[in-house]
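Only one structure is covered here, and it is reproduced in the block below.
Naming convention: chains lettered A, B, ... in sequence-line order (proteins, then strands); numbering from 1 in each chain. All values below were derived from every heavy atom in this structure, side-chain atoms included, with hydrogens, water molecules and symmetry-related copies excluded.
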Number of protein chains: 2
Amino acid sequence: MLFLTLLSFNSLHFCSLSLSLSLSLSLSLSLSLSLSLSPLKLVNALGSRTLARPSPGELSAQSHGAVLNTDGEVELDAMIMEGRTLAAGAVSSVRNIANPTNHVMLTGRGANLFAESIGVPTLPTQALVSEQERNQWEHYKHYDVAIKEYFNARWPSDTVGAVALDCCGNVACATSTGGIRNKMVGRVGDSPIIGSGGYADNEKGAVSCTGHGESVLKVTLARLILSHMDRGTPVSAAVEQSLRYMAVRVHGAGGAIAVSPSREWAARFTTERMAWAAIDGDLLHYGLNPQEEFKEPLI
Amino acid sequence: MLFLTLLSFNSLHFCSLSLSLSLSLSLSLSLSLSLSLSPLKLVNALGSRTLARPSPGELSAQSHGAVLNTDGEVELDAMIMEGRTLAAGAVSSVRNIANPTNHVMLTGRGANLFAESIGVPTLPTQALVSEQERNQWEHYKHYDVAIKEYFNARWPSDTVGAVALDCCGNVACATSTGGIRNKMVGRVGDSPIIGSGGYADNEKGAVSCTGHGESVLKVTLARLILSHMDRGTPVSAAVEQSLRYMAVRVHGAGGAIAVSPSREWAARFTTERMAWAAIDGDLLHYGLNPQEEFKEPLI
């Protein structure tokens with residue numbers, strides 16, 4: 001059992017909370033995974049954990065506290081995929097749902113209608129927005145400014161990603177985001193796009209990405225990393241080469257976590273920081289700054 | 001200058017009209033391409049032609065006559081990409097617009113708001129629906145039936161795709177669709193997804209795909225074909241291998257057109273039929289059934 005998660009976030013003081021959340025998330029996920037009887041259940045478990053709603057104020061990543069678009073609304077994107085059958089699900093631009101769900105690829109009103117049909121509760125927008133996000137939204141009214149400040153300077157937007165390898169060699173990935181603050185209404189980034197925000201294939205491995213969505217889309221980053229791995233490139237080199245290619249070819253920064261079927265894994269980024277954590281056997285690995293890796297035994 | 005187009009359609013009697021449309025479309029595109037001064041203009045030209053609105057009743061592919069979703073509404077998906085800078089644009093689930101346009105990836109209401117902001121006219125749904133489509137919609141009320149009958153038996157849905165290579169070695173692709181009849185509201189197939197419905201990269205080539213959207217998404221078909229081409233596989237073998245892989249791995253049928261930077265091209269499909277046409281120099285190539293290729297000199 002191997003599990004990796006990434007979190008990109010808006011405010012540095014959320015770091016420790018993010019890491020502790022990812023740790024608890026990892027542990028519950030590990031449990032879910034080891035209990036799962038089929039890859040589909042694995043995906044469902046991965047989905048429900050990755051898309052889990054933190055308590056209000058706890059984390060600026062998903063659902064409550066997500067970034068606001070130009071209309072001051074919350075629109076969420078997410079994808080999930082398992083590598084045995086390539087079963088996948090994605091939603092884009094869903095609104096007023098604390099925990100988006102997955103089916104086939106659905107967008108906007110249709111995704112909301114589907115969520116309603118299976119009993120997912122909706123909430124008024126203001127119940128999903130933190131005061132801090134409302135203040136930041138007022139500050140960063142211009143999308144171009146937001147891109148410059150977030151993606152190619154300090155840290156990217158509020159994305160949560162996860163990849164996992166279970167004891168039977170099944171891999172899975174999930175990526176979920178609120179996008180970038182002051183994005184155009186209906187803007188879709190890389191997160192819900194299979195092959196860009198994530199990809200999972202038992203024959204190659206699993207990847208989850210974050211960063212400047214338009215750049216990740218243009219190079220289909222997850223698929224690019226896996227194509228390097230498929231040619232025998234070590235996982236860390238495959239991620240590094242792909243991120244470097246994205247920087248040179250389309251001038252975009254980002255990060256990714258990846259795991260191979262042979263249990264090799266890596267977490268790399270070209271943004272200034274990216275919070276990540278990995279559980280490999282009885283050891284927790286985690287980091288925030290470049291070349292940083294702390295290790296702690298799991299209790 | 002090299003240009004290929006594919007059309008998948010709902011009724012066989014549209015075949016000759018489709019082919020003649022693709023021919024006239026090709027010729028105007030060739031003109032636009034040869035006049036284009038930059039890859040961006042090339043993309044715009046490709047987009048405006050691929051998304052061109054046929055006269056009512058002429059073709060069941062785009063805009064007027066597109067298939068209806070479960071609500072009896074028209075929702076269109078499209079993507080476009082050029083291979084020099086990897087600039088790309090996509091829309092999904094746009095409504096009541098005769099000719100969708102491209103920006104960054106936009107979906108649903110946001111895409112419609114953007115279209116409105118740049119003066120694209122909207123039309124009532126009934127103005128976009130042919131009587132034939134309304135009748136077919138009543139007949140095929142169940143999505144599962146539609147998938148079975150369209151994708152893995154006779155022919156796929158109403159997609160238009162195009163790839164082109166200009167004299168400077170720039171490639172581009174575009175794919176546009178109404179999806180599959182009786183699709184769920186908000187369902188997004190492969191067509192607007194960069195790497196699945198199409199991909200263009202001057203270093204590798206350009207691909208446009210059609211077929212069972214969910215299957216194409218799971219194998220990121222366009223990117224898969226290009227990864228084979230990138231390893232030196234001849235274009236026709238790359239397309240055939242990828243379609244075969246999609247059939248075996250996720251049981252989906254489809255088709256694709258591809259062009260390499262060295263002017264190699266192919267049109268292949270695993271559906272029963274796919275209308276395609278190519279202009280290579282002064283020669284028009286076209287076909288409908290497997291292994292069928294007619295050649296005619298261009299006048």
Side-chain angles (χ1 to χ4, degrees), chain A residues 69-71 73 75 77 79 81 85-95 103-114 117 143 183-190 192-196 199 201 203 213-224 226-227 230-231 246 249-252, chain B residues 69-71 73 75 77 79 81 85-95 103-114 117 143 183-190 192-196 199 201 203 213-224 226-227 230-231 246 249-252:
Chain A
N69 68 15
T70 48
D71 268 5
E73 295 280 349
E75 289 187 331
D77 299 339
M79 68 83 68
M81 185 169 192
T85 64
L86 306 185
V91 288
S92 62
S93 290
V94 290
R95 289 184 174 205
H103 189 56
V104 289
M105 188 167 192
L106 291 175
T107 192
R109 194 178 70 92
N112 276 89
L113 285 173
F114 170 70
S117 76
Y143 185 52
K183 63 185 181 183
M184 285 177 69
V185 177
R187 176 263 193 186
V188 180
D190 62 295
I193 306 302
I194 296 162
S196 291
Y199 199 78
D201 181 350
E203 294 169 7
E214 282 71 9
S215 300
V216 175
L217 280 171
K218 286 175 186 172
V219 302
T220 59
L221 185 60
R223 197 62 187 70
L224 181 65
L226 286 170
S227 72
D230 198 31
R231 292 183 205 195
M246 185 169 82
R249 190 80 197 268
V250 294
H251 314 295
Chain B
N69 67 15
T70 48
D71 268 6
E73 295 280 348
E75 288 187 331
D77 299 339
M79 68 83 67
M81 186 169 192
T85 64
L86 306 186
V91 288
S92 61
S93 291
V94 289
R95 291 185 173 204
H103 189 57
V104 289
M105 187 166 191
L106 290 175
T107 193
R109 194 177 71 93
N112 275 89
L113 284 172
F114 170 71
S117 76
Y143 185 53
K183 63 186 180 182
M184 284 177 71
V185 176
R187 176 264 191 186
V188 180
D190 61 296
I193 307 302
I194 296 161
S196 291
Y199 199 79
D201 182 350
E203 294 169 8
E214 281 71 9
S215 301
V216 174
L217 281 170
K218 286 175 187 174
V219 302
T220 60
L221 185 60
R223 197 62 187 68
L224 181 64
L226 286 169
S227 72
D230 198 31
R231 292 183 205 195
M246 185 168 81
R249 190 79 197 269
V250 295
H251 314 295

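Looking at B/R223 and A/L224, their side chains come closer than 4.5 Å, going by heavy atoms from C-beta outward.
Of the options A/I193, A/T220, A/V188, A/L217, a side-chain contact (heavy atoms from CB on, under 4.5 Å) to B/I193 is made by A/I193 and by none of the others.
Checked by atom type, the side-chain pair B/T107/A/T107 shows a donor-acceptor distance below 3.5 Å.
The candidate with the highest count of non-hydrogen atom pairs below 4.5 Å against chain B, out of A/V219, A/I194, A/V250, A/L86, is A/L86.
Nearest heavy-atom pair, A/M81 versus B/K218, reported as atom, atom and distance to 0.1 Å: CE-O, 3.6 Å.
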